[in-house]
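We're numbering straight along the sequence, starting at 1.
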Amino acid sequence: GGGLIRPYEAALRTRIKDGVQVTSTIPMRPPEWERPAACDGKCQGGRLASSDTLSTQRAQTLPVRMSYPRGLPPVCSDRYSAVTCRAVSTEVMAETTETAAPEWKANIDFKAIRENFEAVQKNADNRKAAADVAKVVDLYNQYLELKYQSDELRQERNQAAAKMKGKMDADVRAALVAEGKALKEKGAALDEKLSALENALQIEGQKVPNKTHPDVPIGGEENANLRSEVGQQRKFDFPVQDHLALGEKLKLLNFEDGAAVAGNKFYYLQNAGALLELALVNWTMNKVVAKGYTPYMTPDLVRATVLEKCGFQPRMANTQVYSVEGMDLCLAGTAEIPLGGLYMDKVIDEADLPIRMAAFGHCFRTEAGAAGSASKGLYRVHQFSKVETFVISTPEQSDALHEELISMEEQLFAELGLHFKVLDMPSHDLGAPAYRKFDIECWMPGMERYGEISSASNCTDYQARRLNIRYRPKGTEKDKKGKVKKAPLQFTHTLNATACAVPRMIIAILENFQQEDGSVIVPEVLRPYLGGMEKIEPPAQK
């Protein structure tokens, strides 16, 4: 008594009798728990101690549950985190609120989450993710227990069915029939509870974000690490104009008619503005294809489930996703989504990895909550064109490929003559899929600040586990009996990077290469794609 209980005590299972299950511990919330006054295997609950990472609202007494084998009470030891134990009935344990079944199931490693729940919760907190890891673990333990009961009941049904074979007295047969019927009804009720529990487990489990690279800084955007800086800010000897003023005077942009036709934050590119988009796209595609990336033109509409599997949230409030009413379709916010979906539910030979792809696509985003001068003009719009690169690899290849992607981006923007910084983004800035993300921010003199023009993310196996993209490793292995067989399938890693987000690139070019007379010098590498045009000037008056 008075000791502490190991949070992962009891991976073993035992038969439940008399409808009662004795359970040991897993905290309903992570870390530090106050030690109960006494612990003899029958504690009533623990109180969560206050900590810097947890709000005082979470410091409350909560029940905790984790199965341990009958006859093997929890082991108390001061070496382990303080958690508590109690007895709960099978009915209480299995009780779940009615939960809508998810439309798809992710291949989440719940066992790893349970074994490392404190680290997983800390990672989620560091990323500002709305994940309740202790709840996931609690649901998983309940699921395993019900699964065990279901398997046991199935064996009993098989045994009962076997007894029905052969001749027997009518009363004996009637008793066996009644027993079989009762077992069938019990099994149906158990399966219903198991299904509801699995649905709840999936919903909560899908809120857990990816792991985080150990070198990622913790905190907000101000904590980003500078990896490198290319070029210098241009010094102007005349008043600098922003891209919106330049675009209107050069007749490249038309937001007024865009708003009349499609709504606020839609626009027309015209004259040299339209040609500049085509030049940027073609130049970028030629560059990445020359580096071994297969070119694609992707669908603009994708199924909502594919979008969710890539880590986007079309059904949440303030979503960035446009959905088609009455259909399970959404407008893609990036070509990353249809490129990832291209290999959904497929098995790839290891010899074929890595797979490098590049796609031109239209991107649609609601930009809910975006406002202010930072969203001015082309910087934040509802529709734009982009060249996106996407890579599928083995786990061993992904770190090097991440470096390849960011290096390729640096080369592209350096050839355009831009001044930019490369940042290793902090934990608060990582979306759920990203293990690590590098951003490139370009100096935009008209906006008087640096603005993001690109990012490169390593998503490790987060998307692959949801899209079910696997590969067959080379070679063979032996099973327990010494029989040679193929190596088991493994989940791939996925990476993505923006090679050219057209509106941001137009901002950078117009503002950095503007001249005193209001014209704009065309970067040399783009001139062959603009018919030799060296300078953008107002179109000639007719």
- Query: Do the numbers put Arg466 on top of the ring of Tyr462, so that NZ or CZ is under 6.0 Å from the six-membered ring centre and no more than 45° off the axis?
  - Reply: yes

- Looking only at heavy atoms, which two atoms of Asp300 and His362 are closest? And how far apart?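 Looks like OD2-ND1, 3.3 Å.
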
- Query: Any idea which heavy atoms bring Leu353 and Ser393 closest together, and the distance?
  - Reply: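 That closest heavy-atom pairing would be CD1-C, 4.1 Å.
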
Between [X] (side chain) and [Y] (backbone), is there a donor-acceptor pair under 3.5 Å?
X	Y	result
Asn223	Gly220	yes
Arg365	Val381	no
Ser150	Asp191	no
Ser427	Asn126	yes
Glu388	Met357	no
Asn210	Cys459	yes
Arg465	Ile108	no
Thr389	Ala497	yes
Lys265	Arg380	yes
His402	Ala456	yes

Could you check if a side-chain atom of [X] sits within less than 4.5 angstrom of a side-chain atom of [Y], using non-hydrogen atoms only?
X	Y	value
Asp439	Asp429	yes
Leu401	Arg356	yes
Leu467	Tyr343	no

- Message: Can you tell whether the side chains of Asp151 and Arg154 come within less than 4.0 Å, N to carboxylate O?
- Response: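 A salt bridge is present here (some side-chain N lies under 4.0 Å from a carboxylate O).
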
- Does a salt bridge link Asp132 with Lys207, judged by any charged N lying under 4.0 Å from a carboxylate O?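 A salt bridge is absent here (no side-chain N lies under 4.0 Å from a carboxylate O).
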
- Item | Gln206, Glu198, Gln202 screened by side chain to side chain donor-acceptor pair (under 3.5 Å) with Lys105, the one that passes | Glu198

- Across all chains, not counting sequence neighbours, the ring-ring contact (aromatic ring centres under 6.0 Å, His included) partners of Tyr296 are none

- Could I get the full list of salt bridge (charged side-chain N to carboxylate O under 4.0 Å, His left out) partners for Lys346, not counting sequence neighbours? none

- Task: Could you tell me how the ring of Tyr322 sits relative to the ring of His382: parallel (under 30°), tilted (30 to 60°) or perpendicular (over 60°)?
- Result: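 Perpendicular: the ring planes of Tyr322 and His382 meet at over 60°.
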
- Query: In terms of ring plane angle, is the pair Tyr140 and Tyr143 parallel, tilted or perpendicular, where the classes change at 30° and 60°?
  - Reply: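 Tyr140 vs Tyr143 ring planes: parallel.
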
- What do the steps show when you test Glu145 against Asn141 for side chain to side chain donor-acceptor pair (under 3.5 Å), and what is the final call? CA-CA 6 Å; Glu145 188 55 63; Asn141 288 326; over 6 Å; no

- Around Glu192, counting heavy atoms of other residues, nucleotides and ligands shown, do more than 12 lie under 6.0 Å from its CD?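 Counting other residues, nucleotides and ligands, CD of Glu192 stays at 12 neighbours or fewer.
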
Indicate every side-chain donor-acceptor pair of residues 301-310 with a distance under 3.5 Å to a residue at least two apart or in another chain.
unit_1 : atom_1 : unit_2 : atom_2 : d
Glu308 : OE1    : Trp104 : NE1    : 2.9
Glu308 : OE2    : Arg315 : NE     : 2.5

- Item | Interatomic spacing from CD in Glu222 to NE2 in His428 - rounded to 0.5 Å | 8.5 Å

- Which distance, rounded to the nearest 0.5 Å, do you find between the CD1 of Ile392 and the OG of Ser398? 13.0 Å

- Ile355 pairs by side chain to side chain contact (heavy atoms under 4.5 Å, CB included) with which of Thr492, Val391, Ile348?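 In the set Thr492, Val391, Ile348, the residue that makes a side chain to side chain contact (heavy atoms under 4.5 Å, CB included) with Ile355 is Ile348.
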
